[in-house]
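To start, the structure itself, in C-alpha cells.
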Amino acid sequence: MRKHIRRIYLGLILFLLYLPILVLIVFSFNDTKLRGVWAGFTLHWYQDLFSDSMILRAFFYTALVALIATLVSTLLGTLSAIGIYALKNRQKNWILNVNYLPILNPDIVTGVALMSLYAFFRLDLGLLTLTLSHIVFCLPYVIISVLPKLEQLNRSMIEAALDLGATPAYAMVHVIFPQIKPGVVSGALMAFTLSIDDFIISFFTTGKGVSNLSIALYSMTKTGVNPSINALSTLLFVSIFLLLLLMNYKGTDLMKFEV
C-alpha cells in the first residue's frame, strides 16, 4: 500500500514538473498568438521559425558559444580535476572552496565583474567576451562533476600502468579517462545546458549584434513573444530528450558488454 502511495506521489510530482513543458509543446501547434486559447492545429509557427532571421541568428550564436564553451570547459575542467585530485588534503580543500565561489556567487555579480574586467583590458564586448564568460562559469561545474569519479579511482592501477612502462599521457588516455568518462560526460552536458540557458551573465558580457536566445527572448517581451519561440523550445527539448535516451541506451549496452 505504501509503495502505491509513493508511486502516486512521485507521478504527481513528475507531472507538475513537466506540465509547463507539455503546455509549451501543445501551444507550439496552436493556430493563434493568444495564449490560453486553442484555435486548432497548425505547423505555421514551425515554418515561421525557419524564416525568422533574428531567431535563427540568435540560435546560431547560442549553439556556437555553447559548443565552444562546452569543449573548452570540459577539457580544462577535466585536467584541473585531475590536478586537484593529486594534491594533498589541505591544498585540495582550499582550491575546492575557491572553485565553489563562482557556483555560489549570484550571476549578476559574476556578470558585472566580468564586464568590468573586459573594460579594464579594453576588450570590445562581443562574441569573444561572451564565449570567454561562458567558459568561466561552466568550468567549476565540470570540475565538481569529474572529481567524484576520480575519488573512486584505484590509485594502484595508475601506478601499475606507470611501472609497466606507460607514459603519463598514455595512462591518462587509456587508464584514467575510461574510468572517469561518466563524470566527464555529465560535466559536459551540464556545461552545455548552463550555456544555452544563461541570460544574466550573457546580458552583461555581449555586445551589439551578438545575442543568444535568452537575450532575444527578453527583447521580445517588450513587443510580444513570438510563438515561434514555442516551436524552437519544443525542438530543443525533443533533441535533448532523444540525446539522453541515446546515452542511457549506450550506457546500458556498455554495462551488458562489461558483464
Side-chain angles (χ1 to χ4, degrees), residues 21 55-85 95-96 98-105 107 110-111 113-115 117-118 123 125-150 172-173 176-207 210-217 232-251 254:
I21 299 177
I55 294 179
L56 292 179
R57 190 184 308 112
F59 176 74
F60 170 76
Y61 284 123
T62 300
L64 178 63
V65 171
L67 288 174
I68 296 175
T70 300
L71 291 175
V72 176
S73 63
T74 301
L75 177 60
L76 295 179
T78 302
L79 295 176
S80 300
I82 294 173
I84 294 172
Y85 171 70
I95 293 180
L96 283 177
V98 174
N99 183 70
Y100 290 141
L101 284 176
I103 299 175
L104 300 175
N105 204 32
D107 286 346
T110 303
L114 288 171
M115 180 183 65
L117 180 66
Y118 299 143
L123 289 176
L125 297 181
L127 182 60
L128 176 61
T129 57
L130 179 63
T131 305
L132 290 175
S133 301
H134 280 231
I135 293 173
V136 167
F137 73 75
C138 287
L139 186 58
Y141 291 93
V142 177
I143 293 176
I144 63 174
S145 297
V146 176
L147 269 177
K149 290 299 179 181
L150 286 169
M172 171 81 72
V173 175
I176 298 177
F177 181 75
Q179 298 184 66
I180 66 172
K181 185 178 179 181
V184 175
V185 173
S186 298
L189 288 175
M190 187 177 297
F192 185 77
T193 304
L194 289 170
S195 179
I196 289 181
D197 182 62
D198 179 73
F199 167 71
I200 297 178
I201 296 176
S202 300
F203 183 79
F204 284 101
T205 58
T206 190
V210 179
S211 62
N212 56 14
L213 283 173
S214 58
I215 297 176
L217 181 60
L232 179 60
S233 301
T234 300
L235 293 176
L236 288 174
F237 173 77
V238 172
S239 300
I240 294 175
F241 181 73
L242 293 177
L243 178 62
L244 289 175
L245 288 180
L246 179 62
M247 290 180 59
N248 289 331
Y249 175 76
K250 292 294 184 180
L254 181 60

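All values below were derived from every heavy atom in this structure, side-chain atoms included, with hydrogens, water molecules and symmetry-related copies excluded.
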> Got a second to check how far L114's CG is from S202's OG, nearest 0.5 Å?
Replying inline: 10.5 Å
> Is it the case that Y61 and T206 place a side-chain donor and acceptor less than 3.5 Å from each other?
Replying inline: no
> Tell me, do L96 and L147 make a side-chain contact under 4.5 Å, heavy atoms counted?
Replying inline: yes
> Parallel, tilted or perpendicular for F241 and F237, by the 30°/60° rule?
Replying inline: parallel
> Which pair of non-hydrogen atoms, one from A191 and one from C138, has the smallest distance, and what is that distance?
Replying inline: O-SG, 3.4 Å
> Between the side chains of S73 and H134, is a donor N or O closer than 3.5 angstrom to an acceptor N or O?
Replying inline: no
>> With a 6.0 Å cut-off (strictly less than), is the heavy-atom count around CZ of F203, excluding the residue itself, greater than 12?
In response: no
> So among L75, L189, V142, T78, which one has a side chain to side chain contact (heavy atoms under 4.5 Å, CB included) with V184?
Replying inline: T78
> Hey, which of L125, T131, L127 is the one that makes side chain to side chain contact (heavy atoms under 4.5 Å, CB included) with T129?
Replying inline: L125
>> For a quick test of reading the model, state the closest non-hydrogen atom pair linking A66 to I196 and the distance between them.
In response: CB-CG1, 3.9 Å
>> Within this structure, what is the CG-CG distance for the pair L76 and L139, rounded to the nearest 0.5 Å?
In response: 6.0 Å
>> Using every non-hydrogen atom in the two residues, find where S214 and F199 come nearest and quote the distance to one decimal.
In response: OG-CA, 3.5 Å
> What are the two closest non-hydrogen atoms of I143 and A81, and how far apart are they?
Replying inline: O-CB, 4.1 Å
>> Is any side-chain heavy atom of V65 closer than 4.5 Å to one of N212?
In response: no
> At what distance, to the nearest 0.5 angstrom, does CG of L130 lie from CZ of F204?
Replying inline: 13.5 Å
>> If you apply the rule side chain to side chain contact (heavy atoms under 4.5 Å, CB included), what do you find for V146 with T74, and how did you get there?
In response: CA-CA 9 Å; V146 176; T74 301; over 6 Å; no
> At their closest point, which heavy atom of F59 faces which heavy atom of L236, and how far apart are they?
Replying inline: CE1-CD2, 3.9 Å
> So how far is it from I200 CD1 to T205 OG1, rounded to the nearest 0.5 Å?
Replying inline: 11.5 Å
>> Would you say that Y118 contacts L132 through its side chain, given a criterion of any heavy-atom pair below 4.5 Å between the two side chains?
In response: yes
> Minimum heavy-atom separation for Q179 to P182, with atom names?
Replying inline: O-CD, 4.0 Å
>> Can you tell me how far apart CG (D198) and CG (D107) are? Round to the nearest 0.5 Å.
In response: 6.0 Å
>> Would you say that I103 contacts I144 through its side chain, given a criterion of any heavy-atom pair below 4.5 Å between the two side chains?
In response: yes
>> Please report the interatomic distance OG(S233) to CG(L213), rounded to the nearest 0.5 Å.
In response: 8.0 Å
